[in-house]
Amino acid sequence: MSRYVFVTGGVLSSLGKGITASSLGALLKASGINVTIMKCDPYLNVDPGTMSPYQHGEVFVTEDGAETDLDLGHYERFIDVNLTKYNSVTTGQIYSVVIAKERRGDYLGATVQVIPHVTNAIKEAIQRASRISDAAVTIVEVGGTVGDIEGQPYLEAIRQMRNDVGRDNVCYIHVTYIPFSKVIGEMKTKPTQHSVREMRAIGLAPDIIVCRTQKALTPEAKDKISLFCDIDKDRVLEARDVDCLYEIPLSMGEQGLATRVLQRLGMTAPPPDLERWKEVVGHFRERKPKKARIGLVGKYIKVADAYLSVLEALTHASLPHEIGHELVWIPAEQLEKDGPGKLLADLDGIIVPGGFGDRGIEGKIAAVRHCRETGLPFLGLCLGMQCAVIEFARHVAGLADAHSTEFAPGTPHPVISLLPDQTGVVKGGTMRLGAYPCRITEGTRAAQLYQTQLIYERHRHRYEVNNEFRARLARHGLVFSGTSPDQQLVEMIELPGHPFFMACQFHPEFKSRPMHPHPLFVGFFAAAAARAAAP
Ligand code: GLN
């Protein structure tokens, strides 16, 4: 049977509960404990697939094709495990299950209520995630903040679980925010006291409080939290703002997060082996006076979270280099208006990431053209690959009106289109999602980078390269360096003779980990770094 650690948040949202859960996961894993992490999202959407990246940040896709919260990306990167659709649950899913059961008559005439029917469904979802991963410790992050109306059934469910699995098999961590009042020159603990009081009112008492702060937590603040929240001082930990997320497992480890959790759960484990984490952080701290300037041509440039995994994957690839990287946000719409001249000057590489909708699309195509014509390293991801195919068709293969039917349904040259059997698609649950196999073409740069022939990469898209145009594009020099094993779907393209011009229909960023950077990002960054190093 698994033990459970529940992570809740107080005072503010976006406090880093996900990073706290992930760091604990990393520490336990480094002690040889089999751990899994799950997210409960109290919103009513069934999944974040249809939510705007402005509101919700990136949609993270699991190997088995679930569209999930970006925290799952943190979990995977920190514990280095592929999670599944069971590691994420939303109120939309819980209610769908309960209502379907009610319609089938499974409740045998009972009045269906939040307690026990909804709370039971939540507990079943948590236990299923735990069972499927065969975890010794299951970490469960409850989204939102204590006090939110939507979150109440989850808090009640995790309270009940204390009785179901036994007090000594559960641990509650509360992540909270400690503001610093400049006027008074003091850290204020009152919001935390209120948030803990709110938890107590529903029968939950934190075993550990993690305090997010801008500065070091003062001994006075720690004393106050200990006194007013009725918790030992050594169970009040500090999570200070850091430049590098990957420092957090180390600082949490030093403060004894994993030790306290193991104590609470009555478990023993060898001390964590954190050498590889130290290496990652060591690379991050190295002084790297030279930096490769990487342009990210996107639509949501004001919300860094919309491209979170892409940014992380770039960081992973650049860490071991002597040359660092500097990210340059390039708004696709501005590129559309102003042209590549000024906006793309002084870059060492360009990434065109995934996206939906036609806003800024001509800007993205212009960025690809600039890379192809000037030898600037280019990496296209999903929509980025579709833009590269459109650009090549238009300016090299002589199909001036080439486009994707997503943006120009009437184009005479639909080089990107839906497959014939995808008629009448609607939004929500109609995409090619999750891991699919891809066979790499021998003798290509892709083969060199991956060093293997068959790969599995994660997808999230509706449109594909139209096979009717493949022969023509190939004749003009576009290389299809990866396809589905039956060769029906184009998965990767590249241009030989260019310093680095590669794009893929899948999202390699979802599989990059700090300790295993993704081959495509490694290749791309090496080319950009070489350019930055050149005199
Ligand atoms: N909009 C494109 C499609 O649906 C690309 C999607 C993406 O980049 N994730 O195929």
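Note that these values count all heavy atoms, side chains included, but never hydrogens, waters or copies made by symmetry. Both counts, for ligands and for their atoms, begin at 1 and track the order of listing.
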> Angle class for the Phe378/Phe501 ring planes (parallel below 30°, perpendicular above 60°, tilted otherwise)?
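Ring orientation of Phe378 relative to Phe501: tilted.
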
> In the protein, what heavy atom is nearest to atom 9 (N) of ligand 1, and what distance, to one decimal place, separates them?
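The answer is Arg460 O, 2.8 Å.
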
> Between Phe506 and His461, is the gap from one ring center to the other below 6.0 Å?
no

> Which label fits Tyr307 and Trp329: parallel for a plane angle under 30°, tilted from 30 to 60°, or perpendicular past 60°?
tilted

> List ligand 1 atoms under 4.0 Å from Gly354, heavy atoms only on the residue side.
8 (O)

> For atom 1 (N) of ligand 1, what is the closest protein heavy atom, and at what distance to 0.1 Å?
Glu406 OE1, 2.7 Å

> Return the residue, atom name and 0.1 Å-rounded distance of the protein heavy atom closest to atom 7 (C) of ligand 1.
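Its nearest protein heavy-atom neighbour is Cys382 SG, 3.0 Å.
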
> Closer than 4.0 angstrom: is that true for some heavy atom of Met431 and an atom of ligand 1?
no

> Where does the angle between the aromatic ring planes of His74 and Phe78 fall among parallel (under 30°), tilted (30 to 60°) and perpendicular (over 60°)?
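If you compare the ring of His74 with that of Phe78, the planes turn out perpendicular.
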
> Does any donor atom in the side chain of Thr36 or Asn87 lie under 3.5 Å from an acceptor atom in the other side chain?
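Indeed, the side chains of Thr36 and Asn87 share at least one donor-acceptor pair under 3.5 Å.
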
> Any chance CD of Glu373 has more than 12 other-residue heavy atoms, nucleotides or ligands included, within less than 6.0 Å?
yes

> Among protein heavy atoms, which sits nearest to atom 4 (O) of ligand 1, and what does the distance come to when rounded to 0.1 Å?
Arg462 N, 3.0 Å

> Does the plane of the ring in Tyr246 sit parallel, tilted or perpendicular to the ring in Trp277? Use 30° and 60° as the thresholds.
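The arrangement is tilted - the two ring planes meet at 30° to 60°.
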
> Before signing off on this row, confirm whether Leu383 and ligand 1 have an N or O atom pair separated by under 3.5 Å.
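Yes, since at least one N or O of Leu383 sits under 3.5 Å from an N or O of ligand 1.
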
> With a 4.0 Å heavy-atom cut-off (strictly under), which part of Gln386 contacts ligand 1: side chain, backbone, both or neither?
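For Gln386, only side-chain atoms sit under 4.0 Å from ligand 1.
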
> For atom 10 (O) of ligand 1, what's the nearest protein heavy atom and its distance?
Tyr463 N, 2.8 Å

> For atom 5 (C) of ligand 1, grab the closest protein heavy atom and report residue, atom and distance to one decimal in Å.
Gly355 O, 3.3 Å

> Give a yes or no on whether Tyr43 atom OH has more than 12 heavy-atom contacts from other residues, nucleotides or ligands under 6.0 Å away.
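Buried by this count: over 12 neighbours within 6.0 Å.
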
> Strictly under 4.0 Å, does any heavy atom of His507 approach an atom of ligand 1?
yes

